[in-house]
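Okay, so here's the structure we're looking at.
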Amino acid sequence: MIYTVGPVYLSGEFDEDALLAARYRSSMALAAEHRIRTIAFPAISTGVYRFPKERATRIAVWEVLAALERDAEIERVTFVAFSGRDYGVYEGVMAERVPK
């Protein structure tokens with residue numbers, strides 16, 4: 001298990017995007033280092049830490065796809081959505097980033 005704590009979203013003026021991106025990069029790097037083949041992510045910081053869901057989802061997808069390009073040993077990444085609305089946000093962002 002890799003545990004990470006995302007940043008609290010205040011206003012977007014305190015490098016929250018960079019902090020969240022660093023959490024995904026670090027988690028993916030640890031997974032690669034320990035030869036973990038599958039990893040799952042909740043929507044980090046989007047609950048009580050108030051990170052806007054679409055913004056956080058774009059960061060998550062971007063960072064994970066970049067990590068997968070660097071390390072082909074990770075075979076499966078799962079994004080865990082709390083609700084149907086959250087799932088729809090992930091679907092939309094993935095559709096923009098990953099061709100069918």
Would you say [Y] ends up clustered with [X] if hydrophobic residues are merged whenever their side chains have heavy atoms under 4.5 Å apart, either directly or through other cluster members?
X: F41; Y: Y49; answer: no
X: I74; Y: M94; answer: yes
X: L65; Y: I59; answer: yes
X: V80; Y: V93; answer: no
X: L68; Y: I2; answer: yes

Hydrophobic cluster (4.5 angstrom, side-chain heavy atoms) - remaining members for M1: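 So far as hydrophobic clustering goes, M1 is joined with none.
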
Contacts of type side chain to side chain contact (heavy atoms under 4.5 Å, CB included), residue R37, not counting sequence neighbours: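 Result, side chain to side chain contact (heavy atoms under 4.5 Å, CB included) vs R37: E73, E75.
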
Results of side chain to side chain contact (heavy atoms under 4.5 Å, CB included) for T38 - residues two or more places apart only: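 Counting only residues at least two positions away or on another chain, T38 forms a side chain to side chain contact (heavy atoms under 4.5 Å, CB included) with R76.
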
Inter- and intrachain pairs under side chain to side chain donor-acceptor pair (under 3.5 Å), touching residues 52-61, at least two apart: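 The answer is Y9-R55, D17-R55, K53-D86, E54-R58, R58-E96.
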
Heavy-atom side-chain contact between F51 and P7 under 4.5 Å: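 Yes; the side chains approach each other to less than 4.5 Å.
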
Where at least one partner belongs to residues 59-82, residue pairs that pass ring-ring contact (aromatic ring centres under 6.0 Å, His included), sequence neighbours excluded: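 Of all non-adjacent pairs touching residues 59-82, those that pass ring-ring contact (aromatic ring centres under 6.0 Å, His included) are F79-Y90.
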
For residues 23-31, run the donor-acceptor check on the side chains, cut-off 3.5 Å, and write out each pair with its distance to 0.1 Å, sequence neighbours left out.
from	atom 1	to	atom 2	distance (Å)
R23	NE	V5	O	2.8
R23	NH1	L19	O	3.0
R25	NH1	E63	OE1	3.3
R25	NH1	E63	OE2	3.2
S27	OG	R23	O	3.0

Sidechain-backbone polar pair: E91 side chain, Y87 backbone, donor-acceptor under 3.5 Å: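 No, because the side chain of E91 does not come within donor-acceptor range (under 3.5 Å) of the backbone of Y87.
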
